[in-house]
Amino acid sequence: MTPLRIAVVGYGKLGVIHTRLLADSELFELVGVVDPMLENRSLATETHGVIGYECVDEILDQIDCAVVATPTVFHHDVCSILLAAGKHVLVEKPITATVSEAQSLVALAAFHRVKLQVGHVVRFDPHFQTGQNLIQEPRLIECTRASGYTFRSMDVGVTLDLMIHDLDLVLSLVDSPVKSLQATGCAVIGPHEDIAHARLTFENGTMANLTASRTSHTQVRCLQATGSSGHVSIDFMNNEFVNFVGVGDALGALDIDPVTASDAVKQDVTERFFTELLPQQSVPITPCNAIEEEHRDFHRSISEDSSPIVCGSTGLRVLEIATRIAETIKAGTTDEPVSAKGPHFDNAPSSAESTTLYKSHVRGV
Ligand SMILES: NC(=O)c1ccc[n+]([C@@H]2O[C@H](COP(=O)([O-])OP(=O)(O)OC[C@H]3O[C@@H](n4cnc5c(N)ncnc54)[C@H](O)[C@@H]3O)[C@@H](O)[C@H]2O)c1
């Protein structure tokens with residue numbers, strides 16, 4: 001099998017991880033790294049012996065495909081250049097900063113008949129892969145994703161930064177259109193929302209509650225789903241098990257009146273609760289590197305000419321819902337965009353001003 005020639009565009013936190021894995025991959029030949037910052041390019045050359053390029057145009061004739069890990073506000077411009085040149089693209093999540101930008105990338109990829117994959121990497125997480133096989137006909141899903149403040153991804157709010165991971169998972173689990181959504185949130189540091197809560201109701205009646213915070217003193221990443229087969233509880237921070245509480249046969253045969261039952265009957269039921277009635281088990285996961293699996297899927301989709309698991313249209317749908325949530329938060333909290341003020345920054349710039357400011361600090365294409 002001939003490896004595909006690949007470049008990593010954006011050698012920051014995520015780009016460093018992609019580069020390290022691709023440099024060791026048998027599926028790809030790492031041709032170069034693109035970053036406008038000289039010190040980042042030098043670091044890539046020093047670490048992996050690859051050539052650093054200042055601009056993506058400089059490497060187009062040497063590659064088959066690219067991973068784009070620039071700040072989100074530059075995804076559209078960078079991906080457009082790559083797709084228009086006929087290169088397959090794996091772009092980090094979220095697909096773009098706006099829905100219209102994402103629509104244009106999806107159309108461009110289709111026009112040039114190249115693959116556009118979006119880095120919703122939790123789909124490849126072994127916890128989720130084990131858990132999703134246990135969940136049947138989910139009725140209620142709850143997701144929490146919280147971390148401390150890192151001063152990263154400030155170009156977007158927490159909805160597009162963190163909650164979008166869980167939105168992608170929820171939309172992949174529920175085979176029904178979103179009927180309605182409610183959301184609330186606030187800026188703590190700002191300028192965008194740093195805490196977000198959302199409730200989605202699907203046309204088939206399923207509900208999903210999502211919470212995301214990037215100003216939390218504890219780190220949490222979990223998903224719980226209750227469906228016809230039982231209750232699945234995934235703790236993404238625990239590397240060993242997915243907990244599953246199934247609906248046992250004995251539950252159907254249970255014939256008691258919980259109000260009038262004797263103490264002996266209550267005691268008996270209590271003792272059998274999580275063994276026979278709702279049998280609980282810890283299902284072991286098979287550890288793997290989710291980003292490596294994501295790369296494998298990218299390679300498979302290109303070499304087999306099939307859709308990647310998380311294609312551009314999926315990334316677009318997730319972004320559409322995330323944008324509705326972020327807009328609902330903005331509209332519902334104050335007369336001005338919520339991004340205009342955080343409790344600690346009374347004179348923080350508006351969202352648009354902040355994006356311009358951000359772009360001027362981090363050089364784009
Ligand atoms: N999949 C995940 O779990 C996950 C986690 C964190 C971040 N991300 C996503 O990855 C992307 C990058 O995030 P990060 O935290 O690595 O950011 P970062 O700021 O650490 O790195 C971004 C890099 O891109 C470079 N850059 C800026 N403009 C560029 C351009 N036009 N061409 C090439 N390089 C350019 C910057 O110099 C910087 O080195 C974001 O879209 C973010 O949402 C994904």
Side-chain angles (χ1 to χ4, degrees), residues 7-21 32-45 47 50-60 63 66-82 87 89-98 101-102 105 117-125 127-128 145 147-169 192 212 214 219 221 236-237 289-295 297-298 309-310 315 318-319 322 326 355 358-365:
V8 174
V9 187
Y11 194 70
K13 178 91 176 167
L14 253 285
V16 165
I17 300 172
H18 282 291
T19 304
R20 178 171 49 78
L21 295 172
V33 161
V34 182
D35 199 295
M37 308 290 286
L38 176 60
E39 62 265 38
N40 294 352
R41 297 198 297 275
S42 305
L43 185 63
T45 305
T47 316
V50 287
I51 302 176
Y53 298 85
E54 191 173 355
C55 178
V56 73
D57 303 81
E58 297 169 35
I59 202 172
L60 290 176
I63 56 171
V67 170
V68 174
T70 67
T72 302
V73 285
F74 300 123
H75 284 184
H76 173 259
D77 293 354
V78 172
C79 292
S80 296
I81 294 171
L82 288 159
K87 309 301 170 189
V89 170
L90 163 53
V91 59
E92 263 305 339
K93 55 50 58 179
I95 178 169
T96 52
T98 69
E101 286 176 346
L105 290 191
Q117 180 173 344
V118 185
H120 286 294
V121 68
V122 191
R123 284 280 201 109
F124 300 91
D125 185 300
H127 299 82
F128 180 70
R145 193 168 286 261
S147 63
Y149 200 74
T150 61
F151 287 90
R152 287 174 50 218
S153 296
M154 289 183 300
D155 51 338
V156 294
V158 73
T159 312
L160 267 65
D161 178 14
L162 297 185
M163 185 184 280
I164 201 151
H165 282 296
D166 293 320
L167 277 172
D168 172 61
L169 300 183
H192 300 287
R214 54 186 180 187
Q219 205 174 1
R221 276 188 278 147
F236 291 100
M237 315 276 293
N289 184 312
I291 298 184
E292 234 169 53
E293 295 305 313
E294 184 178 64
H295 291 166
D297 192 52
F298 187 43
I309 290 175
V310 188
V318 178
L319 181 68
T355 301
Y358 184 87
K359 279 190 163 181
S360 70
H361 280 292
V362 186
R363 246 184 84 189
V365 286

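One-based numbering, in listed order, for ligands and for the atoms of each. Everything numeric in this text was worked out from a predicted model, so none of it was measured.
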Taking atom 11 (C) of ligand 1 as the point of reference, which of T150, T70, L38 owns the nearest heavy atom?
T70
Give me the atom names and distance for the closest heavy-atom approach of I59 to G32.
CD1-CA, 3.8 Å
For M37, counting its heavy atoms only, list the atoms of ligand 1 lying under 4.0 Å from any of them.
37 (O)
Give a yes or no on whether L60 atom CG has more than 12 heavy-atom contacts from other residues, nucleotides or ligands under 6.0 Å away.
yes
Can you name the atoms of ligand 1, numbered from 1 with element, that are less than 4.0 Å from a heavy atom of V9?
32 (N), 33 (C)
Distance filter under 4.0 Å to P94 heavy atoms, resulting ligand 1 atoms
43 (O)
Within ligand 1, which atoms have a heavy atom of N40 less than 4.0 Å away?
37 (O), 39 (O)
Which of the atoms in ligand 1, numbered in the order shown and given with their element, are less than 4.0 Å from a heavy-atom of V121?
1 (N), 3 (O)
What are the two closest non-hydrogen atoms of L319 and I95, and how far apart are they?
CD2-CG2, 4.0 Å
Taking every non-hydrogen atom, the tightest pair across V122 and H165:
CG2-ND1, 3.5 Å
Under the rule for ring pair (Phe, Tyr, Trp, His ring centres under 6.0 Å), what residues qualify as partners of H18, not counting sequence neighbours?
H295
Contact partition for K13 relative to ligand 1, non-hydrogen atoms under 4.0 Å:
both
Contact between R41 and Y11 at the side-chain level, heavy atoms closer than 4.5 Å - yes or no?
no
Consider every N or O of L14 and every N or O of ligand 1, then say whether any pair is closer than 3.5 Å.
yes
At less than 4.0 angstrom from any non-hydrogen atom of Y11, what atoms of ligand 1 do you find?
39 (O)
Can you list the atoms of ligand 1 that are under 4.0 Å from a heavy atom of G119?
1 (N)
Mind checking whether D35 contacts ligand 1 via backbone (N, CA, C, O), side chain (CB onward), both or neither, at a 4.0 Å heavy-atom cut-off?
both
Student check: side-chain heavy atoms of V33 and Y53 closer than 4.5 Å
no
What's the spacing between L82 CG and D77 CG if we round to 0.5 Å?
11.5 Å
V34 neighbourhood, listing ligand 1 atoms whose heavy-atom distance to it stays under 4.0 Å:
33 (C), 34 (N)
Heavy atom to atom 22 (C) of ligand 1, shortest distance: which of G10, P71, A97 holds it?
P71
Partner residues of R214 under the side-chain hydrogen bond (donor to acceptor under 3.5 Å, both in side chains) criterion, sequence neighbours left out
D161, D194
Closest approach of H127 and F236, non-hydrogen atoms and distance?
CE1-O, 3.7 Å
Could you see which bit of V156 sits under 4.0 Å from ligand 1, with heavy atoms only: side chain, backbone, both or neither?
neither
Within the structure, is a non-hydrogen atom of H165 found at a distance of less than 4.0 Å from ligand 1?
yes
Taking both backbone and side-chain atoms of T72, is any N or O found less than 3.5 Å from an N or O belonging to ligand 1?
yes
